[in-house]
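Inspection log for the structure reproduced underneath, given as structure tokens.
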Number of protein chains: 2
Amino acid sequence: MATEPGPPRPAKGARPNLKDVAARAGVSRATAARALGGYGYSSREVMERVSEAARELGYEVNRIARTMRSGKSDIIGFVCADISDAFFSSAMRGICDVARRQGSKVIVMNTDDQLAQEQEATRVLLSHEVDGIVITPVSVREHAHIDAVTDAGVPVVSLDRHLSDAGIDSVVADNEDGTAHAIGHLIARGHRRIAFLGSVQPEEPPSLRIGKLRSSVAGPSRPSLDRIRGYLRTLAGAGLPADRDLIALVPQGSAPERRLEAVAAVLALDDPPTALFTADSYMTKSAFSLLSELGVRVPEEMSLLGFDDLEWTTLVRPRISVVVQPTYDMGRTAAEQLFTKIAHPAPAGGGRGRRTVVPTRFLDRDSVGGSLLDKGTGP
Amino acid sequence: MATEPGPPRPAKGARPNLKDVAARAGVSRATAARALGGYGYSSREVMERVSEAARELGYEVNRIARTMRSGKSDIIGFVCADISDAFFSSAMRGICDVARRQGSKVIVMNTDDQLAQEQEATRVLLSHEVDGIVITPVSVREHAHIDAVTDAGVPVVSLDRHLSDAGIDSVVADNEDGTAHAIGHLIARGHRRIAFLGSVQPEEPPSLRIGKLRSSVAGPSRPSLDRIRGYLRTLAGAGLPADRDLIALVPQGSAPERRLEAVAAVLALDDPPTALFTADSYMTKSAFSLLSELGVRVPEEMSLLGFDDLEWTTLVRPRISVVVQPTYDMGRTAAEQLFTKIAHPAPAGGGRGRRTVVPTRFLDRDSVGGSLLDKGTGP
DNA sequence: ATGAAAGCGCTAACAT
DNA sequence: ATGTTAGCGCTTTCAT
């Protein structure tokens with residue numbers, strides 16, 4: 001039992017703890033903690049001896065114990081509908097990258113757009129003492145469970161949706177303006193009858209009021225509604241009448257057939273549109289599929305313009321013009337704001353909730369042509 | 001200070017703990033824990049009183065404290081190259097679904113295929129006391145850090161890659177057979193010169209030996225190499241010569257241009273192929289793009305067959321025939337095996353590591369035609 | 001069937 | 001600059 005070359009080692013094959021390191025370095029646990037944690041005072045010599053011991057033992061702090069003591073877990077939560085969806089997995093990557101830089105990790109919870117699952121997710125995350133949560137809320141009205149999180153002193157940032165009248169920061173794309181720009185582009189190309197194909201939350205359906213001069217959609221801000229607003233606003237701004245028949249809304253999460261039917265119905269109108277604006281990637285896919293199946297030539301016979309970029313939009317012919325939102329950056333931004341709040345806890349009450357709107361970009365490709373009704377349009 | 005209707009409540013706005021519940025129910029902490037946890041004995045009456053108190057207080061167990069005591073965190077880790085990649089996000093969803101059923105959560109760590117990041121990821125997960133880890137290892141040889149995890153008594157399941165000679169369970173697709181089937185299909189359609197376009201780990205390059213009668217590729221099993229094996233094997237089985245010029249391998253993570261060049265080089269051969277087998281989704285995309293740009297008609301002038309299904313493969317014309325791996329199910333299966341190991345810890349040493357190979361499916365669509373060399377092929 | 005008490009590994013307040 | 005000590009919230013013997 002030599003003691004000189006081999007100072008105390010933990011007998012077990014288990015992970016060494018701070019006591020082991022301290023013993024090996026011949027100091028107290030508190031000193032070892034200070035030396036390793038880099039806080040408080042410790043002499044250079046002790047610092048070296050301790051980190052040497054830690055290295056030899058392969059010591060790694062037990063973050064559970066640290067969390068218990070400090071209240072900081074170095075874990076944040078991401079609550080979304082479905083991580084396998086391209087929007088969320090891209091945002092997730094942005095969140096992860098920020099978290100890593102902060103020494104934090106991310107737990108993902110899928111809700112499938114079910115409020116009950118979202119409520120459970122927040123409870124579970126709270127019970128794991130997460131430092132904060134990025135959430136894409138199912139509902140923009142029912143947010144008692146989210147308030148409960150902030151009430152517990154845990155910062156929350158809402159992604160992709162503003163929460164009405166909750167003092168919660170949010171990061172969303174400029175859905176209304178992005179759509180407005182796209183519709184403006186169609187109008188500039190001579191289109192007068194432009195269809196809007198989109199999805200809406202079945203639980204929070206919009207109530208559309210289509211008027212001769214002004215049209216509007218009631219309900220709180222959310223991407224699906226804001227895009228309709230952008231559409232309506234631009235039409236009105238150009239003095240064009242809105243036509244209820246040109247607006248097809250299917251419930252979110254509908255079977256692909258429902259979307260196809262919606263597109264087909266619009267195409268079959270007596271006075272059909274000359275351009276289709278598809279307000280989300282699912283609709284864009286359905287519309288493109290159907291047009292392609294029907295042999296409708298794009299953009300010669302029908303223009304197509306969509307929201308959300310996807311890999312395939314440049315692979316098909318014609319390449320689809322789209323409005324893109326910076327999904328990765330939205331995740332990144334949400335996470336950055338979250339960590340700011342974690343570092344500087346708001347003084348209770350928290351104010352109004354900062355709303356960050358990130359710009360979309362319009363990618364002009366080949367799926368929009370001049371309107372057939374608009375004679376004299378060059379190639 | 002009425003005590004009858006309002007038994008003790010925690011004064012603070014903070015989360016109530018077991019002591020609060022116990023006090024309100026008028027029992028000891030141990031009893032409250034038993035009643036809530038559903039273990040040990042407790043009278044029906046006490047049980048009801050305790051859960052009533054818990055409900056009233058909005059009590060939720062503090063899992064950090066529970067983990068500290070029990071050693072079980074109800075968290076598992078998923079270590080992958082990049083969660084925004086479709087393969088991983090789909091697998092992730094499978095893992096999450098299983099975890100949820102088990103009352104567990106998932107922390108994701110991205111490695112960008114960097115060994116150093118993977119090593120750090122495993123260390124970090126260990127320090128969070130995760131119950132197990134699903135990992136897609138960067139390297140199939142360098143797995144000391146993974147062994148360290150199992151040595152710490154934490155189960156690991158490897159996804160998409162077998163670990164050579166490590167006693168670690170793995171779940172992979174039947175890359176070799178899936179490819180063999182696809183190549184067999186091409187041969188049956190009369191193709192004799194079939195190009196193989198794929199990617200390989202820059203750190204673990206394969207050494208190809210192309211012989212008159214037999215060809216082989218050295219190196220441990222991994223998807224990229226196994227697909228080459230399936231290709232070579234099928235060629236040999238059909239008595240067809242392998243041609244080194246028809247095999248183009250770019251380093252994984254190469255810029256798109258590199259892939260495009262590789263495809264172009266194969267097309268420009270003096271004796272060009274009549275069919276292209278693209279061994280991963282990136283290559284499929286590059287090949288399709290280039291063919292489309294060059295105006296090469298598929299499948300009339302060139303057949304195309306790929307590995308991995310993607311949304312766009314049915315959107316483009318012709319629709320691409322592909323070999324698909326069940327990504328969601330692979331994640332699900334890996335997680336199921338992980339939880340089995342968590343529930344029944346292996347008796348140290350752990351045996352040889354169970355290898356699960358999940359079948360791929362061949363989706364015969366429109367991108368494969370009869371070879372031009374093969375006269376008399378019907379439409 | 002219930003309670004008392006120890007202790008998981010760490011950090012932070014206090015003492016030296 | 002370093003050591004001592006208490007305690008985070010829970011689970012789990014061990015008594016009763």
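In the text below, chain A, chain B and the rest are named by the order of the sequence lines, each starting its count at 1.
- Note on A:Tyr59: a side-chain N or O is less than 4.0 Å away from OP1 or OP2 of C:dC10.
- Each of A:Ser70 and A:Glu45 was matched to the nucleotide of DNA chain D holding its nearest heavy atom; the match closer to the 5' end belongs to A:Glu45.
- The base of D:dG3 sits with one of its N or O atoms less than 3.5 Å from a complementary donor or acceptor on the side chain of A:Arg34.
- The CZ-P distance, from A:Arg69 to D:dT5, rounds to 16 Å in whole Å.
- Remark: the B:Gln337 side chain and the B:Thr356 side chain contain an N/O donor-acceptor pair separated by less than 3.5 Å.
- Between B:Ser43 and C:dT2 there is a side-chain polar atom (N or O) within less than 4.0 angstrom of OP1 or OP2.
- Where B:Lys19 and A:Gly26 meet DNA chain D, the nucleotide closest to each residue was compared, and A:Gly26 sits on the side nearer the 5' end.
- As rounded to whole Å, 15 Å separates atom C1' of D:dT12 from atom OH of B:Tyr41.
- Distance A:Glu48 CD to D:dA1 C1': 16 Å, rounded to the nearest Å.
- Going from atom CZ of A:Arg29 over to atom P of C:dG7 covers 13 Å, rounded to whole Å.
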Assess whether side chain to side chain contact (heavy atoms under 4.5 Å, CB included) is satisfied between B:Tyr59 and B:Leu36, documenting all intermediate values. CA-CA 10 Å; B:Tyr59 170 78; B:Leu36 289 173; 3.6 Å; yes
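- Of the candidates D:dT2, D:dT11, C:dC10, the closest approach to any side-chain atom of A:Ala65 belongs to C:dC10.
- Using a 4.0 Å heavy-atom criterion, one finds that B:Arg63 contacts no nucleic acid atom at all.
- A sub-4.0 Å separation between OP1 or OP2 of D:dA1 and a side-chain N or O of A:Thr31 is absent.
- With rounding to whole Å, B:Arg66 atom CZ is found 19 Å from C:dG9 atom C1'.
- What you find for B:His162 and B:Val140 is that their closest heavy atoms are O-CG1, 3.3 Å.
- The two residues A:Ser104 and A:Ile75 make their nearest non-hydrogen contact at OG-N, 3.5 Å.
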Take A:Leu159 and A:Phe78, measure what side chain to side chain contact (heavy atoms under 4.5 Å, CB included) needs, and give me the verdict at the end. CA-CA 10 Å; A:Leu159 179 64; A:Phe78 178 38; 4.1 Å; yes
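- Counting to the nearest Å, the C1' atom of D:dT11 and the CG atom of B:Asn62 are 13 Å from each other.
- Here C:dC8 is the nucleotide among D:dG7, C:dT2, C:dC8 with the atom lying nearest to any side-chain atom of B:Met68.
- In this structure, the nucleotide among C:dA12, D:dT12, D:dT2 sitting nearest to the side chain of B:Ala33 is D:dT12.
- The side chain of A:Ser28 places no N or O atom within less than 4.0 Å of a non-bridging phosphate oxygen (OP1 or OP2) of D:dT2.
- The separation between A:Ile64 atom CD1 and C:dC10 atom C1' is 12 Å, rounded to whole Å.
- The A:Ala30 side chain lies nearest to D:dT4 when the options are D:dT12, D:dT4, C:dT2.
- In this structure, the NE2 atom of B:His128 is 17 Å from the P atom of C:dG9, given to the nearest Å.
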